[in-house]
Amino acid sequence: MVKAMARSEPADRLRELVAQVPDPEIPVLTIADLGVLRRVEVSDDGRVEVEITPTYSGCPAMDTIRADIVDRLAAAGYPDVEVRVVLSPAWTTDWMTEEGKHKLREYGIAPPGPRPSGRVMVRLSVKCPRCGSPDTREASRFGSTACKALYACDSCLEPFDHFKAI
Amino acid sequence: MTGPLFEYALRLGDDALILAQRLGEWISRAPELEEDVALANIALDLLGQARSLLSYAGQVEGAGRDEDALAYLREERQFRNVQLVELPNGDFARTIARQLFFATYQLGLYQALATSKDATLAGVAGKAVKEVAYHADHATQWTLRLGDGTEESHRRMQEAVDRLWPYTHELFESDELVRGLAAEGVAVDPATLRPAWQEQVTGVLAEATLAVPEDDWRPTGGRRGIHTEHLGYLLAEMQYLPRAYPGAKW
């Protein structure tokens, strides 16, 4: 009983530690907010296994996230770390936490809406994160990072990023 | 002697890698800033897919080659991509025509491959299918705009479609290797993707007021390492640094 406690406590603590790693491109979000962190396990001998999943196949942030996880765990006294990238099941914006969506909006990025289903991409109005107006238009489906599209608000006239729902 | 699964992963990986390299050439040269960003994003998606597929090929081969060794240290004749993806970009219309043909093909391919019995291929495809849906939509929207645009944009889009059409046949060529893997539920026989592709692409061309070209010559050979004269130059540029400075890191 005592042993089991001793094992699960560091696992929780380490999970919390890893969960706080920020996304290098959208630093207001942690990898847990994004739904990029899949699993943290620690074995009896102190070896830590972490599983992360990319938002997009070519997401260049993965290497930085991996290095940040290794650094944090090393600083906490866990030098033996394996970070694995798992692709399946494929990441979806549905895994982003509500808190994450809230933080995105505060940061000036319109959070993803519900995921489009089937082959038809249903366009729901994206609200401007600055003035809240639904009177917005897509300027380009591809934005500053793979996960975002570029929008413009026709009410306050500001351009903004929208996190694409996939 | 390498196994069929290695070869198959290489075919898919090389298609994505070489097209990513070509699209990257547009950065800072696209007709508008949004297109610079769009083509770079598409290239990045393809590069990510290529990395997963080439890493897997190296793992299956078991000879110690990783994604970098396969991308940078193979000769032209060892590349297994179709010729369509290695052709020079040409003007914007030609790049869009290639995107329409290739992304529509890749969308059908990945949709089918997402249920492969091979967990890695299914994982890569299941992830990539969401990205490629965007690529296909992007190319479709541009084809409609250019085809049904001005006289000049129509002329150039039609020229692009006519010029690249012969290279689309190779996408759907099947051989013993792929049929064997398809029978095991691992691969997708490209020949089975043709009818849906044809319907989709000819539908877009018709809506864009463009004529569907007649089938005449069918350049082929990429899957066996026979390439156009353009691939060697592309590889020379892509491979120069790792070959000149082996093991270089930054």
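Proteins come first, then strands; the chains are lettered A, B, ... in the order of their sequence lines, and each starts at number 1.
Atom CZ of Arg156(B) has 12 or fewer heavy atoms from other residues, nucleotides or ligands within 6.0 Å. In Glu32(B), the CD atom is crowded: over 12 heavy atoms of neighbouring residues, nucleotides or ligands sit closer than 6.0 Å. Around the CZ atom of Arg51(B), the shell of radius 6.0 Å holds no more than 12 heavy atoms that belong to other residues, nucleotides or ligands. In Glu199(B), the CD atom is not crowded: 12 or fewer heavy atoms of neighbouring residues, nucleotides or ligands sit closer than 6.0 Å. Heavy atoms of other residues, nucleotides or ligands lying less than 6.0 angstrom from NZ of Lys101(A) number more than 12. More than 12 non-hydrogen atoms from other residues, nucleotides or ligands lie less than 6.0 angstrom from CZ of Arg243(B). For Tyr72(B), the OH atom counts as loosely surrounded, since its 6.0 Å shell holds 12 or fewer non-hydrogen atoms of other residues, nucleotides or ligands. More than 12 heavy atoms of other residues, nucleotides or ligands shown are found within 6.0 angstrom of CD on Glu82(A).
For the atom pair Leu150(A) CG and Leu33(B) CG, the distance stands at 8.5 Å (nearest 0.5 Å). Atom CG of Asn41(B) sits about 7.5 Å away from atom OG1 of Thr145(A), to the nearest 0.5 Å. Remark: Phe142(A) CZ to Leu44(B) CG distance equals 11.0 Å, nearest 0.5 Å.
Considering only heavy atoms from C-beta on, Tyr56(A) stays 4.5 Å or farther from Lys130(B) through its side chain.
For a residue to count as touching a neighbouring chain, one of its non-hydrogen atoms must lie under 4.5 Å from one of that chain's; by this rule Pro89(A) does not touch chain B. Looking at Val124(B), the atoms closer than 4.5 Å to chain A (heavy atoms on both sides) sit in the backbone and in the side chain alike. With a threshold of 4.5 angstrom between heavy atoms, Thr53(A) does not approach chain B through any atom at all.
Proximity of a side-chain donor or acceptor of Lys127(B) to a complementary backbone N or O of Thr55(A) within less than 3.5 Å is detected.
Contact record, Gly123(B) with Ser88(A): CA-CB, 3.9 Å, taken as the closest heavy-atom pair.
For the set Glu35(B), Gln49(B), Glu131(B), the count of heavy-atom pairs under 4.5 angstrom toward chain A peaks at Glu131(B). Looking only at heavy-atom pairs under 4.5 Å with chain B, the residue among Gly58(A), Ser144(A), Ala90(A), Ser57(A) that has the most is Ser57(A).
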